[in-house]
Amino acid sequence: MPELPEVEVTRITLADRLNGGRVTAARLGKPLRWPLGCPPERLHGLRIGAMSRRGKYLWLPLQGADDAGGLLMHLGMSGSLNLADAPPPAGLHDHFELVTDRGTLRLTDPRRFGAIVWSDAIDVAPAAQLLARLGPEPFDPALTPAAFHRSLRARRTTIKAALLSGELIVGAGNIYVSEALFRAGIDPRARCDKISRPRSEKLLAALRQTLAQAISLGGSTLRDFRDAHGMSGAFQEQALVYGREGQPCGHCGGPIRRIVQGQRSTFFCPHCQRR
DNA sequence: AATGGCGCCTGAACGC
DNA sequence: TGCGTTCAGGCGCCAT
């Protein structure tokens, strides 16, 4: 499932190849989470800028002769972006296509929880609204251990739910939250506001280390995710707890447990992770 | 105000 | 074998 590492890997494998290109056509398939917000013809002739990332969103700036804007893109749960010179005919799950002089950019998304939305700028509606509630970027130096601990103390829910909300730190979804909590030795059921300062510092480091490792491994491919070259990720093979219910913990050898928190699976080691 | 839960959507896995 | 059910989860939205 695309979380921050998968989105960043997509950006890395896409940005340089598209930057400076020109849009020659755009096509829509089945509806995505939200409408595009402009006729696809609106994109014709626009010059492509440097793709950036905010949380799990990508922003593709598009410059016209006398106007500008861009596309805010989200991969949802099953989306991936592919750029190819001569792509195969569009398939059942290809729902957006941007034909450019650098190749054809295509969003493939079986479940259609993804989105591509036109916005006149990243800091005006609708992009600004969609990004408004996002917490700090995990690798932002301004996110200090002290600031992170302060934000934890303000939440009365479990640490799992708090991290998943994306309001304390963006980018970690169900896989990487389970992995980071294991690496930090923190029980996912622990009350967010009861995490001590030293443990919160360890958690922040674990989140950063887990996300960075996942980016370097090309993300996780559980089923659908591919980078813009069509390559799958390898982090899932390094996962210590996610998807490993009943298997022995790599630290203590005890069985890894699966519980459900907020309708979502959490994997953890009850022995190594403490409240 | 903060928090928990729902529903969107499809394909794979599972059970009888 | 085949059909129905359950599960996966990012995230806006709604209810409490």
Side-chain angles (χ1 to χ4, degrees), chain A residues 1-10 28-35 37 53-59 72-81 90-96 107-117 119 125-135 137-138 150-181 188-194 207 211 214 219-226 232-233 235-236 239 241-246 258-268:
Chain A
M1 315 300 152
E3 303 178 26
L4 183 147
E6 290 73 30
V7 177
E8 179 63 10
V9 166
T10 298
L28 294 171
K30 286 193 205 171
L32 293 162
R33 184 180 180 108
W34 301 299
R53 180 190 57 73
R54 177 75 177 96
K56 300 172 189 172
Y57 287 89
L58 292 169
W59 171 251
L72 190 69
M73 311 192 275
H74 197 289
L75 300 179
M77 288 187 50
S78 58
S80 60
L81 285 166
L92 184 62
H93 300 309
D94 297 326
H95 305 305
F96 178 80
L107 175 73
T108 304
D109 185 2
R111 287 185 213 170
R112 293 193 281 128
F113 282 15
I116 296 189
V117 177
S119 192
Q129 270 78 350
L130 293 167
L131 302 176
R133 303 200 44 145
L134 299 186
E137 286 288 326
R150 267 198 303 279
S151 69
L152 292 187
R153 282 188 310 188
R155 296 294 193 113
R156 274 166 291 283
T157 183
T158 64
I159 186 63
K160 166 78 189 298
L163 292 175
L164 216 45
S165 79
E167 291 169 15
L168 307 185
I169 183 169
V170 286
N174 213 41
I175 297 171
Y176 299 113
V177 165
S178 275
E179 291 298 314
L181 286 170
R189 300 165 295 187
R191 279 263 305 227
C192 191
D193 54 347
K194 302 297 183 202
L207 283 159
L211 294 171
S220 295
T221 298
L222 297 185
R223 180 167 301 150
D224 300 294
F225 176 72
R226 295 288 187 279
S232 51
F235 180 88
Q236 69 282 357
V241 290
Y242 186 85
R244 301 198 182 278
E245 182 182 16
R258 184 183 80 95
I259 59 174
V260 175
Q261 295 178 285
Q263 281 92 268
R264 274 159 187 83
S265 289
T266 303
F267 297 89
F268 72 112

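Naming: A, B, ... by sequence-line order, numbering from 1 per chain.
Closest of all the heavy-atom pairs between A:Leu207 and A:Ala172 is CD2-CB, 4.1 Å. Taking every heavy atom of both residues into account, A:Cys192 and A:Leu168 meet most closely at SG-CD1, 4.1 Å. The nearest pair of heavy atoms linking A:Lys56 to A:Val7 is O-CG2, 3.6 Å. For the pair A:Ala125 and A:Ser119, the tightest heavy-atom approach, listed with the atom from each and the gap, is O-OG, 3.4 Å.
Applying the ring pair (Phe, Tyr, Trp, His ring centres under 6.0 Å) rule to A:Phe96 yields no partners; only residues at least two apart in sequence or on another chain are considered. Contacts of A:Tyr57 classified as ring pair (Phe, Tyr, Trp, His ring centres under 6.0 Å), with partners at least two apart in sequence or in another chain: A:His74. With sequence neighbours excluded, the residues that form a ring pair (Phe, Tyr, Trp, His ring centres under 6.0 Å) with A:Tyr242 are A:Phe267.
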> Where do A:Thr266 and A:Arg189 land on the side-chain contact (heavy atoms from CB on, under 4.5 Å) test, with the steps shown first?
Replying inline: CA-CA 10 Å; A:Thr266 303; A:Arg189 300 165 295 187; over 6 Å; no
>> Go through it in stages, so that I can follow the logic: the residues are A:Arg155 and A:Ser165, the test is side-chain contact (heavy atoms from CB on, under 4.5 Å), and I'd like the CA-CA distance, side-chain angles, deciding distance and then a yes or no.
In response: CA-CA 11 Å; A:Arg155 296 294 193 113; A:Ser165 79; 4.0 Å; yes
> Is there a side-chain contact (heavy atoms from CB on, under 4.5 Å) between A:Phe235 and A:Glu179 once you walk through the steps?
Replying inline: CA-CA 11 Å; A:Phe235 180 88; A:Glu179 291 298 314; 4.0 Å; yes
Pick out the pairs of N or O atoms, protein on one side and nucleotides 4-7 of chain B on the other, that lie under 3.5 Å.
residue, atom, partner, partner atom, Å
B:dG4, OP1, A:Thr157, OG1, 3.4
B:dG4, OP2, A:Thr157, OG1, 2.7
B:dC6, OP2, A:Gln263, NE2, 3.1

Could you go through nucleotides 10-14 of chain B and list every protein N or O atom that sits under 3.5 Å from one of its N or O atoms, giving the distance for each pair?
residue, atom, partner, partner atom, Å
B:dT10, OP1, A:Arg112, NH2, 2.5
B:dT10, O2, A:Arg111, NE, 3.4
B:dG11, OP1, A:His93, NE2, 2.9

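A close approach under 4.0 Å does occur between a side-chain nitrogen or oxygen of A:Tyr57 and OP1 or OP2 of C:dG12.
What separates CZ of A:Arg155 from P of B:dA1 is a distance of 15 Å, to the nearest Å. Distance A:Lys160 NZ to C:dG10 C1': 12 Å, rounded to the nearest Å. Summarising the geometry, the separation between CD on A:Glu245 and P on C:dC7 is reported as 12 Å, rounded to the nearest angstrom. Going from atom CZ of A:Arg53 over to atom C1' of C:dG10 covers 16 Å, rounded to whole Å. A:Glu167 has its CD atom 10 Å from the C1' atom of B:dA2, to the nearest Å. Following rounding to the nearest Å, A:Tyr242 (OH) and C:dC7 (C1') show an atom-to-atom distance of 11 Å. Residue A:Arg133 contributes atom CZ, which lies 10 Å from atom C1' of C:dG12 at whole-angstrom precision. In this structure, CD of A:Gln261 is placed 13 Å from P of C:dA8, rounded to the nearest angstrom.
Inter-axis angle, ends of the helix from B:dA2-C:dT16 to B:dC16-C:dG2, five pairs per end, rounded to 10 degrees: 60°.
Using a 4.0 Å heavy-atom distance criterion, A:Tyr176 is classed as making no nucleic acid contact. Nucleic acid contact for A:Arg258: sugar-phosphate only, since backbone atoms but no base atoms lie under 4.0 Å from a heavy atom of the residue. Using a 4.0 Å heavy-atom cutoff across all strands shown, A:Ser78 reaches no nucleic acid atom at all.
The CG atom of A:Leu131 sits 7.0 Å away from atom CZ of A:Arg54, with the distance rounded to the nearest 0.5 Å.
The main-chain N or O of A:Pro31 is found under 3.5 Å from a side-chain atom of A:Arg112 such that the two form a donor-acceptor pair.
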